[in-house]
Chemist: 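Questions regarding the structure given below will be posed in turn.
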Amino acid sequence: MNRDLFLSAIQARLNRYRQHILLIALVIAPLSGEAADPPPKPLFPGAAPVCSCESLTNFSLPNTTIESAVIDSNGACRVTAIVNHPPAEDRVKVFVGLPVTNWNGRFQGNGGGGFLGGSASSLRGPLAQGFATAATDTGHEGGSGSFALDAKGRLNWQLIIDNAYLGIHDMTVVGKALTKAFYGKEPGYSYFVGGSTGGRQGLMEAQRYPDDYDGILSGCPAIIFHRFVPASLWPQVVMLDAKNFVPKAKLEAATAAAVAACDKSDGITDGVIEDPSRCDYDPKALVGTKVGDDTFTEADAEVVRRIWEGPRAQDGSFIWHGMSRGTDLFALAGTAGSPLVGKPFSIALDYYRYFLAQDPEWDWKTLTPARFEQLWKQSVEQYGDVFGTDDPDLTRFRDRGGRIIIYHGLSDQLIPAEGTIDYYKRVQQQMGGAKKTAEFARLFLAPGIDHGFRGAGPTPRGHLEAIIRWIEQGTFPDQLLAERKDSNGKVVRTRPLFPYPHTAKYKGTGSTDEAVNFVSKAP
Ligand SMILES: [Ca+2]
């Protein structure tokens with residue numbers, strides 16, 4: 001390999017690495033805020049370890065090796081364990097954190113992001129709050145999807161299953177067992193907290209291992225994975241098909257124009273489209289407009305229209321939801337260079353390469369809309385049972401007393417919230433209607449909020465407290481408070497979020513920046 005080629009290969013790898021880091025940061029950020037919240041009241045005041053941290057290396061569990069058990073720099077006991085599923089030679093690494101002095105009597109499992117099963121760094125927040133807590137790499141290191149293929153280029157089903165569902169269950173079994181060994185008693189309650197992939201992992205636990213957790217927080221869940229992940233390459237397919245890679249500035253102009261057109265139709269001009277499904281702004285209105293030195297063309301309008309519409313089959317039938325109006329389009333319709341070329345979202349690209357085409361060298365630029373449809377159908381057939389996480393039957397979870405709060409931003413640029421709404425409606429249908437479902441599973445939608453729980457709208461807060469209160473005191477989460485802060489961290493707007501399908505309606509008097517001036521409105 002010559003030097004330039006070598007350097008560009010390194011650069012490409014670095015870029016991919018950065019994309020993974022960005023995504024993981026996006027996913028972890030909304031959840032780490034919990035660390036600043038006051039810790040929940042201890043369930044067993046005075047509870048203390050009954051053995052030394054180091055002695056946990058002698059702890060015995062089937063198919064599990066304790067690699068290390070040491071006190072970390074913050075004084076918590078950190079255990080690393082490896083779980084294996086014979087005869088496979090997989091290694092699911094489990095990271096467990098056990099507070100030495102301030103155990104609050106509970107266990108918290110933590111999810112990952114993208115193809116990253118999870119990370120030891122996510123234990124810091126829960127440990128500070130006194131949780132015994134765990135995370136796992138689900139059997140492979142890093143955020144790449146390359147683990148799906150073995151050294152011979154064949155699908156590595158064990159690692160796929162470890163990532164899809166088994167690793168999080170292993171983590172839970174090991175984490176709870178070590179908690180019991182360390183304190184001499186089982187955790188009083190167990191909670192799972194995750195966003196994106198973590199949100200999917202939470203719902204997978206409710207569906208497949210309902211005894212693992214009492215309470216689950218599932219943020220912007222990557223559920224219906226087998227449909228939405230391959231669908232997320234659609235914006236690139238559209239631009240490739242049109243031979244028109246639309247620059248970021250034009251995408252931003254289209255998003256801004258949609259917000260300008262639909263913002264006030266909900267009654268409050270606040271830069272947020274309260275319900276994007278009711279906004280039908282036509283990007284043709286922008287044709288002829290100057291965007292920098294460039295002019296918005298008919299062809300640009302058609303690309304944006306197709307991205308908003310969402311993936312469609314050759315016969316025009318529905319494949320998946322489009323990106324809603326007001327959502328940042330660049331995340332999936334990314335471009336770079338001059339002349340512009342497409343820069344597909346790394347997770348979607350990895351999924352095509354390793355899971356669908358099963359060829360690390362596969363070139364996404366060979367995708368026609370017809371080939372896109374074929375591969376999407378392959379994904380639905382091949383991975384639905386494994387990764388789908390869309391079983392609406394939560395009977396076992398409900399009957400064991402499980403409760404789940406699902407929340408999703410309506411301007412999610414990576415996972416359209418409509419998929420979560422579809423799933424929740426199916427749960428309602430399966431579980432005896434809206435009222436019966438609300439007794440154990442609630443969905444909160446956050447207008448103007450993206451995948452990292454930022455955006456023009458207020459960010460939901462207090463969900464961990466809400467699920468703990470629901471489980472331990474039976475207090476139903478009838479609303480979540482959302483707040484928007486300025487760049488100095490000062491709260492400039494509060495708004496209630498009500499369980500779907502209820503929305504926040506302005507009373508008509510008082511500041512629209514204060515939650516007290518809003519009431520719950522039925523659809
Ligand atoms: Ca508005």
Side-chain angles (χ1 to χ4, degrees), residues 30 219-220 250-286 289 304-305 307-310 321-331 406-421 424 443-463 478-487 490-523:
C220 50
K250 286 183 175 177
L251 298 175
E252 288 174 345
T255 295
V259 172
C262 296
D263 179 358
K264 59 183 178 295
S265 67
D266 52 50
I268 301 169
T269 306
D270 55 358
V272 176
I273 305 173
E274 204 67 19
D275 180 0
S277 70
R278 299 165 80 107
C279 177
D280 58 2
Y281 173 76
D282 186 341
K284 270 195 176 155
L286 270 182
T289 310
V304 171
R305 186 194 68 75
I307 293 174
W308 280 344
E309 177 185 58
H321 303 282
M323 301 175 81
S324 65
R325 286 166 176 77
T327 298
D328 166 31
L329 302 178
F330 193 68
I406 308 167
Y407 56 107
H408 206 137
L410 285 172
S411 292
D412 192 319
Q413 72 278 43
L414 300 179
I415 306 178
E418 285 77 6
T420 297
I421 297 169
Y424 189 74
L443 166 64
F444 293 87
L445 298 172
I449 285 298
D450 70 13
H451 197 64
F453 289 94
R454 297 182 194 85
T459 298
R461 299 278 178 213
H463 19 47
D478 289 328
Q479 60 171 281
L480 287 183
L481 188 70
E483 57 186 31
R484 180 168 169 73
K485 292 179 178 173
D486 67 11
S487 53
K490 186 178 162 233
V491 176
V492 292
R493 182 186 301 159
T494 57
R495 204 60 83 70
L497 302 178
F498 296 105
Y500 175 86
H502 294 256
T503 52
K505 182 180 156 48
Y506 178 49
K507 283 177 179 170
T509 54
S511 169
T512 55
D513 288 332
E514 288 176 25
V516 291
N517 299 320
F518 289 79
V519 289
S520 171
K521 179 181 160 244

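Counting convention: from 1, in listed order, for ligands and their atoms alike.
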Chemist: At what distance, to the nearest 0.5 angstrom, does CG of D412 lie from OG1 of T420?
Modeler: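 If I round to the nearest 0.5 Å, the distance is 8.0 Å.
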Chemist: How long is the straight-line distance from CD of Q479 back to CZ of F444, given to the nearest 0.5 Å?
Modeler: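 Going from the CZ atom of F444 to the CD atom of Q479 covers 8.5 Å.
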Chemist: Please verify the inter-ring angle class for Y407 with F453; under 30° counts as parallel, over 60° as perpendicular, anything in between as tilted.
Modeler: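 The arrangement is tilted - the two ring planes meet at 30° to 60°.
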Chemist: Less than 6.0 Å separating the ring centroids of F518 and F498?
Modeler: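 Centroid separation for F518 and F498: 6.0 Å or greater.
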Chemist: Take the Ca ion (ligand 1) as the centre and count protein N, O or S atoms at distances under 3.0 Å.
Modeler: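 My tally for this metal is 7.
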Chemist: Where do I421 and L443 land on the side chain to side chain contact (heavy atoms under 4.5 Å, CB included) test, with the steps shown first?
Modeler: CA-CA 8 Å; I421 297 169; L443 166 64; 4.3 Å; yes
Chemist: To the nearest 0.5 Å, what is the distance between CG on D270 and CZ on R495?
Modeler: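 Spacing of CG (D270) from CZ (R495) equals 5.0 Å.
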